[in-house]
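By convention in this document, chain letters (A, B, ...) are assigned in the order of the sequence lines, proteins followed by strands, and residues within each chain are numbered from 1.
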Amino acid sequence: MLTLTLPTPAKFRFWVTVRGHGWSDLPPFGLDMAAQSLSRVLHLPDGLIVRCVISAADERATALEVQVTGVERLSRTQTDAITRMLRRCLDMDRDLTDLYALIHNHPRLAWIENLGAGRLLSSPTVWEDLVKTLMTTNTTWAMTIQMVTRIAALGDPVAGGGHAFPTPQQLAALSLDELSGAVRAGYRNAYLYELATRIASGELEVESWRDADLPSAELLRRIKALKGFGDYAAGNLLRLLGHFDRLATDTVCRAVYQERINGGIAAQHDREIAAYYEPFGRWRGLVQWMDVMELTLVSA
DNA sequence: GCGTCCAGGTCTACC
DNA sequence: GGTAGACCTGGACGC
């Protein structure tokens, strides 16, 4: 086992980031609640597959400890790749200064700054975030976990158990029937297969969607052009890509708006919810998600 | 064990 | 632009 050190930015809170949304429940991420550690199987650009277990000495630690298994030694290039991928997963390069200034004296949202919340765990690739988002649509969270677990099992195995997340090429190499039988995602199977085959063939390129210069409107257009990605799914993916000027309103968001914001009265239309978050400007999507996660994060 | 109902978001056809 | 119905899975429930 090798140990790496990952310096953290100021005000970075490891466990709050890990618990910031449900991705940590989905393989090839894994949680050890007792040890407060996050595991992740990484498929490095050179093909090497390793398992990383990330932990912090305490919540205000200035560096994370990363234990790497599945390999006896790492080259400088491989170490840099692991560091780069984990920094991306843990949203370490996000500057939340403006958000914290916006909500500094807000009676209901000041907890976000106090807790150091606002970073979202994401996947190393846009492809993986697309697949996982698709598997959250029109289903329960328990079902999402089951479907993603079955998808992850189609990836390359790692020493010690578990798999790397499969590449688009690996899923595209199957027939639709084979994929459907393995994943059991219902009508989503066809959408997943189309996504994988279009990326694998080179017709669709999604990794550049992390480019910060890509306007939200253009990114939204590209995402919604994909089969199976409607308003909610597109909003969710935009959030994971760091675009917070769109909402991702689902049933949980509607319930939170009704119960904790609007005095028990349901919104007449999603436009009413959109109007509520409008004053938060380019941060509105993140504020909406923080409203959903408040009880989980404050009690974590 | 079997049948029925239900939850979830998106797509398509239709008005 | 708005709406209805179909799409799937598996858990919950009643018998």
Side-chain angles (χ1 to χ4, degrees), chain A residues 21-27 120 122-123 126-154 166 168 171 174-199 203-204 206 209 216-241 243-260 264 266-278 284-286 288-289 291-293 295-296:
Chain A
H21 71 127
W23 260 211
S24 55
D25 290 332
L26 302 178
L120 300 177
S122 68
S123 305
V126 176
W127 148 250
E128 183 179 326
D129 278 335
L130 278 165
V131 172
K132 288 178 171 175
T133 297
L134 181 60
M135 294 301 140
T136 66
T137 59
N138 197 23
T139 191
T140 61
W141 183 243
M143 286 281 292
T144 295
I145 293 174
Q146 292 183 42
M147 290 186 284
V148 171
T149 299
R150 292 192 286 265
I151 293 171
L154 298 173
L171 296 195
L174 303 173
S175 68
L176 175 56
D177 283 348
E178 289 171 330
L179 182 73
S180 301
V183 176
R184 302 205 303 277
Y187 66 90
R188 302 170 202 81
N189 292 321
Y191 299 155
L192 173 62
Y193 193 62
E194 181 178 318
L195 180 64
T197 52
R198 289 183 65 197
I199 295 174
E203 177 201 337
L204 180 65
V206 298
W209 290 4
S216 296
E218 170 59 17
L219 200 46
L220 181 70
R221 187 193 66 76
R222 294 187 191 182
I223 298 168
K224 289 191 69 172
L226 302 173
K227 283 288 187 66
F229 288 79
D231 288 336
Y232 151 76
N236 187 65
L237 192 73
L238 279 170
R239 202 164 52 205
L240 293 175
L241 295 175
H243 293 254
F244 305 121
D245 54 348
R246 296 291 194 282
L247 302 182
T249 303
D250 62 3
T251 51
V252 176
C253 295
R254 294 183 190 105
V256 165
Y257 177 80
Q258 175 180 341
E259 294 163 14
R260 305 226 312 276
Q268 295 297 303
H269 193 280
D270 283 352
R271 284 191 294 268
E272 181 181 327
I273 298 175
Y276 172 78
Y277 287 103
E278 178 76 22
R284 75 192 84 161
L286 188 54
Q288 182 190 40
W289 184 248
D291 273 331
V292 171
M293 292 304 294
L295 297 181
T296 301

Under 3.5 Å, is there a donor-acceptor pair between the A:Tyr232 and A:Thr136 side chains? yes
Does the side chain of A:Asp270 come under 3.5 Å of the side chain of A:Thr249 through a donor N or O and an acceptor N or O? no
Contact class for [X] (heavy atom, under 4.0 Å): base, sugar-phosphate, or nothing?
X	result
A:Leu226	sugar-phosphate
A:Thr139	base
A:Asn189	nothing
A:Ala233	sugar-phosphate

Atom [atom1] of [X] to atom [atom2] of [N]: distance rounded to whole Å?
X	N	atom1	atom2	result
A:Met135	B:dT10	CE	P	13 Å
A:Asn236	B:dG9	CG	P	11 Å
A:Leu176	C:dC8	CG	P	11 Å
A:Met143	B:dG9	CE	P	14 Å
A:Arg184	C:dG10	CZ	C1'	10 Å

Would you say the base of B:dG9 and the side-chain of A:Tyr187 have a donor-acceptor pair closer than 3.5 Å? yes
Phosphate oxygens OP1/OP2 of [N]: is one of them under 4.0 Å from a side-chain N or O of [X]?
X	N	value
A:Lys227	C:dC7	no
A:Arg188	C:dC7	no
A:Arg271	C:dG2	yes

Taking atom CG of A:Leu240 and atom CH2 of A:Trp289, what is their separation to the nearest 0.5 Å? 9.5 Å
Parallel, tilted or perpendicular, as decided by the 30° and 60° cut-offs, for the rings of A:Trp23 and A:Trp141: parallel
Closest nucleotide of DNA chain C for A:His269 versus for A:Arg150: which of these residues is on the 5' side? A:His269
Please assess A:Gln288 against A:Ile273 for the test side-chain contact (heavy atoms from CB on, under 4.5 Å), listing each intermediate value before the final yes or no. CA-CA 9 Å; A:Gln288 182 190 40; A:Ile273 298 175; 4.1 Å; yes
Out of C:dG2, C:dG10, B:dG8, which nucleotide sits closest to the side chain of A:Gln146? C:dG10
